[in-house]
Undergrad: 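Quick one: this structure, given as structure tokens, is what I'll be asking you about.
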Amino acid sequence: MVVSGKVKLFALTVSSWWLCFGLWSVQTVHAEYFSSVEQMRQLLKLEQTLIDNLERYIKLHEQKIEFLHRQRDLFGKELKEGLKREVEYASNPTSAFLLVNRLVTDWERIRTFMEMDVGVKLQNKTEMPTGDDAVGVAEGLARLQEMYQLDTKAMASGKVLDRKLGRQLKTAECYEIANKLTIATNYRYAVSWYREALRLWTTDSPGVSKVEVMNGLSYALSQQGEYEEALEFTNKVLKLQPDNQRALASKDPLVKWIEYKKEYGLPPPVPDNNYKNYPSLCRGDYQRSAEELAKLSCRYEHNRTPFLRIAPLKLEELNHDPFIVVYHEVLYDKEIDTLLTISKPLLQRSMVGDDLKKKVSKTRTSSNGWLDDVSHPVVRTITRRTEDMTGLAMTAAEQLQVGNYGVGGHYLPHHDYGMPEEGKEVYPAIGKGNRIATVMYYLSDVQIGGATVFPELGVGIFPSKGSAIFWYNMHANGTVDPRTLHGACPVFVGSKWGKSIACDQLSSHMLK
């Protein structure tokens with residue numbers, strides 16, 4: 001068979017492009033897909049659009065068919081698995097990372113290759129994820145490892161908490177996760193993923209060399225103060241590649257740091273925030289005593305309003321002081337579907353702080369939107385139902401906040417009430433006083449994780465679609481109750497949707 005010079009040149013171009021990182025100019029966006037599973041799920045649709053465009057492009061450029069067909073089949077196989085189980089795929093931290101990384105890296109290379117010397121471009125109307133999204137997903141993955149004590153090797157194999165959730169990751173994929181965690185300065189878990197990449201590496205591993213993995217591992221170890229082992233890997237790199245510039249540049253500093261460590265030691269690590277039972281409650285490990293549980297009961301709530309005499313609510317006590325209860329089956333599926341439909345277009349990255357000092361924070365990884373009674377009749381109905389449940393007037397309540405948690409999405413323990421500076425009003429932008437009580441509705445079940453926990457009390461509850469938690473943030477005399485510290489645990493598998501209402505004014509019907 002005679003191969004033309006033109007075809008040989010094309011093959012060389014493909015090989016050169018594939019080995020190099022394709023650069024192209026894109027508009028910087030800040031979609032932060034990682035902050036919401038719902039937005040992550042939309043990336044599956046985005047990838048479907050890109051594959052459809054790729055199919056049309058192949059028909060116009062016969063010379064590139066063989067290479068592009070391989071890429072389409074590779075991405076399409078992964079996409080097919082994702083579309084079979086969208087929420088599970090988009091919330092699983094490993095598959096979510098692979099999805100974002102494909103769109104940030106692999107599809108960029110495809111786009112660059114397709115636009116070489118041609119006039120047709122790969123078009124899509126959806127904002128592409130950015131490198132920040134890939135880092136955000138990797139951080140969520142590490143957060144889950146920390147909270148649920150997950151082994152990196154097991155996660156790379158696709159097995160989590162004795163459940164098979166995905167496929168075996170490749171060497172290059174573990175390496176990419178480690179790189180993103182290095183960018184996020186989470187060196188502890190970066191080390192574990194570099195080690196896994198090194199363990200999986202063979203001479204047949206595509207996409208990354210053994211030298212690259214060991215250089216990355218050496219750097220992450222050095223940032224952890226493990227200078228001796230970092231130097232070992234640097235020396236191994238130099239044995240394989242004596243002229244490796246990265247290893248040559250790091251060797252002398254590592255030797256000096258080892259000497260410094262021997263003489264002066266290392267500074268003490270920065271202590272983590274102590275949230276008492278937060279991790280164990282999130283894992284479902286913490287058990288309350290039989291004596292405590294014996295004081296709690298379940299009952300039908302039917303005396304507070306005339307409506308409840310007709311349709312009593314199922315109430316489960318979680319704690320007496322402070323008062324915390326769960327109302328079961330208080331939202332209907334149709335109401336939930338309506339709330340999700342009208343909320344999804346409103347989702348934006350959740351912030352912390354009051355209205356005058358709001359900011360994005362890693363303590364809260366979710367997206368949320370706000371609804372009021374004029375938004376939809378269903379919202380008004382739920383407002384009235386909240387009054388029946390709580391005995392509190394909703395005229396002073398804040399807007400309904402609907403939230404969706406991202407990959408590993410959480411909200412570290414916090415109080416719903418505010419502590420203003422002396423002489424200043426709490427939440428001045430709202431102007432309704434402090435948050436007396438909170439009602440939190442669950443709009444979805446969550447397969448793994450996502451509990452709401454109260455570390456000071458040892459109380460935890462896992463999401464159940466249609467139920468609601470109600471608690472008081474303050475004492476009856478108007479002083480704050482610090483025992484109401486609560487947090488949202490990281491979501492492992494599933495899409496956690498919730499909505500909350502903060503009641504800011506005492507009512508004459510206030511529960512005792």
Side-chain angles (χ1 to χ4, degrees), residues 17-24 26 28-37 39-51 54 71-83 86 89-113 122 124 126-145 152 155-156 158 165-184 186 189-190 192-194 196-197 200-201 205-209 212-213 216 365 406-408:
W17 163 78
W18 190 248
L19 291 173
C20 299
F21 186 84
L23 298 176
W24 73 301
V26 295
T28 301
V29 297
H30 302 283
E32 292 198 339
Y33 288 99
F34 71 88
S35 68
S36 166
V37 168
Q39 294 183 130
M40 286 292 302
R41 189 178 68 84
Q42 296 304 318
L43 294 184
L44 292 169
K45 308 299 183 185
L46 168 58
E47 192 164 26
Q48 179 69 67
T49 300
L50 293 171
I51 288 176
L54 182 56
Q71 299 310 304
R72 185 199 62 182
D73 293 344
L74 180 65
F75 298 156
K77 181 180 179 181
E78 192 74 24
L79 175 65
K80 185 178 180 181
E81 290 300 312
L83 292 175
E86 292 186 10
Y89 187 95
S91 62
N92 180 349
T94 51
S95 58
F97 177 83
L98 296 179
L99 170 62
V100 172
N101 202 56
R102 283 200 306 275
L103 290 166
V104 171
T105 304
D106 296 336
W107 277 103
E108 301 302 305
R109 295 174 179 173
I110 290 288
R111 187 193 295 268
T112 301
F113 176 62
L122 186 62
N124 64 275
T126 305
E127 288 183 345
M128 293 291 284
T130 68
D132 288 341
D133 284 299
V135 172
V137 175
E139 287 183 293
L141 184 151
R143 190 180 306 122
L144 292 168
Q145 285 188 263
T152 299
M155 289 192 74
L165 296 178
R167 61 168 174 80
Q168 171 70 54
L169 298 185
K170 300 180 178 66
T171 302
E173 292 167 340
C174 294
Y175 175 73
E176 282 298 322
I177 293 174
N179 279 345
K180 297 303 185 293
L181 289 174
T182 298
I183 293 172
N186 189 328
Y189 285 102
S192 71
W193 282 98
Y194 280 127
E196 184 61 16
L200 294 173
W201 189 89
S205 298
V208 61
S209 69
E212 289 177 290
V213 177
T365 49
V407 178

Undergrad: For the CG atom of N101 and the CD1 atom of I177, what is their distance to the nearest 0.5 Å?
TA: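 Between atom CG of N101 and atom CD1 of I177 there are 8.5 Å.
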Undergrad: Quick one: are L50 and M128 in side-chain contact, heavy atoms under 4.5 Å?
TA: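 Yes - at least one pair of side-chain heavy atoms lies under 4.5 Å apart.
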Undergrad: Side chains of E139 and N186: closer than 4.5 Å at any heavy-atom pair?
TA: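 A side-chain contact is absent here, since even the closest heavy-atom pair is not under 4.5 Å.
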Undergrad: Any donor and acceptor pair, going by atom type alone, linking the side chain of S95 with main-chain N or O of Y89 inside 3.5 Å?
TA: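 Looks like yes, one N/O pair under 3.5 Å.
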Undergrad: Measuring from atom CG of L44 to atom CG of L103, what distance do you get when rounded to the nearest 0.5 angstrom?
TA: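 One finds 9.0 Å between CG of L44 and CG of L103.
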Undergrad: Heavy-atom distance under 4.5 Å between the side chains of R102 and L98, does that happen here?
TA: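 A side-chain contact exists here, since the closest heavy-atom pair is under 4.5 Å.
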Undergrad: What's the separation between atom CG in L141 and atom CZ in R143, rounded to the nearest 0.5 Å?
TA: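 The CZ atom of R143 is 10.0 Å from CG of L141, to the nearest 0.5 Å.
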Undergrad: Please report the closest heavy-atom contact between E196 and C174, naming both atoms and the distance.
TA: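 Result for this residue pair: CG-SG, 3.9 Å.
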Undergrad: Is the shortest side-chain heavy-atom distance between K170 and L200 below 4.5 Å?
TA: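 A side-chain contact is absent here, since even the closest heavy-atom pair is not under 4.5 Å.
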Undergrad: Do the side chains of V137 and M40 get nearer than 4.5 Å, heavy atoms only?
TA: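 Heavy-atom side-chain distance check passes, below 4.5 Å.
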Undergrad: Determine the minimum heavy-atom distance between I51 and G76, stating which atoms define it.
TA: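 So the two residues come closest at CD1-CA, 3.9 Å.
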Undergrad: At what distance, to the nearest 0.5 angstrom, does CG of L43 lie from CG of L79?
TA: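 With rounding to 0.5 Å, CG (L43) is 11.5 Å from CG (L79).
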Undergrad: Nearest 0.5 Å please: distance from the CH2 atom of W193 over to the CG atom of N179.
TA: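 If we round to the nearest 0.5 Å, W193:CH2 and N179:CG are 13.0 Å apart.
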Undergrad: What are the two closest heavy atoms between L181 and A138, and how far apart are they?
TA: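 The answer is CD2-O, 3.3 Å.
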Undergrad: How far apart are the closest heavy atoms of W107 and L54, and which atoms are they?
TA: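 Residues W107 and L54, closest heavy atoms: CH2-CD2, 3.7 Å.
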Undergrad: At what distance, to the nearest 0.5 angstrom, does CD of Q71 lie from CD1 of I110?
TA: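 It comes to 4.5 Å.
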Undergrad: Is D133 close to T130 at the side-chain level, that is, under 4.5 Å between some pair of heavy atoms?
TA: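 A side-chain contact under 4.5 Å exists here.
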Undergrad: Minimum heavy-atom separation for S91 to V407, with atom names?
TA: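 Residues S91 and V407, closest heavy atoms: O-CG1, 4.0 Å.
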Undergrad: Where is the tightest heavy-atom contact between N92 and L165, given as atom of each residue plus distance?
TA: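 Closest heavy-atom pair between N92 and L165: ND2-O, 3.1 Å.
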Undergrad: Tell me whether E176 is salt-bridged to K180, with the criterion being a basic N under 4.0 Å from an acidic carboxylate O.
TA: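 The answer is yes: the pair qualifies as a salt bridge.
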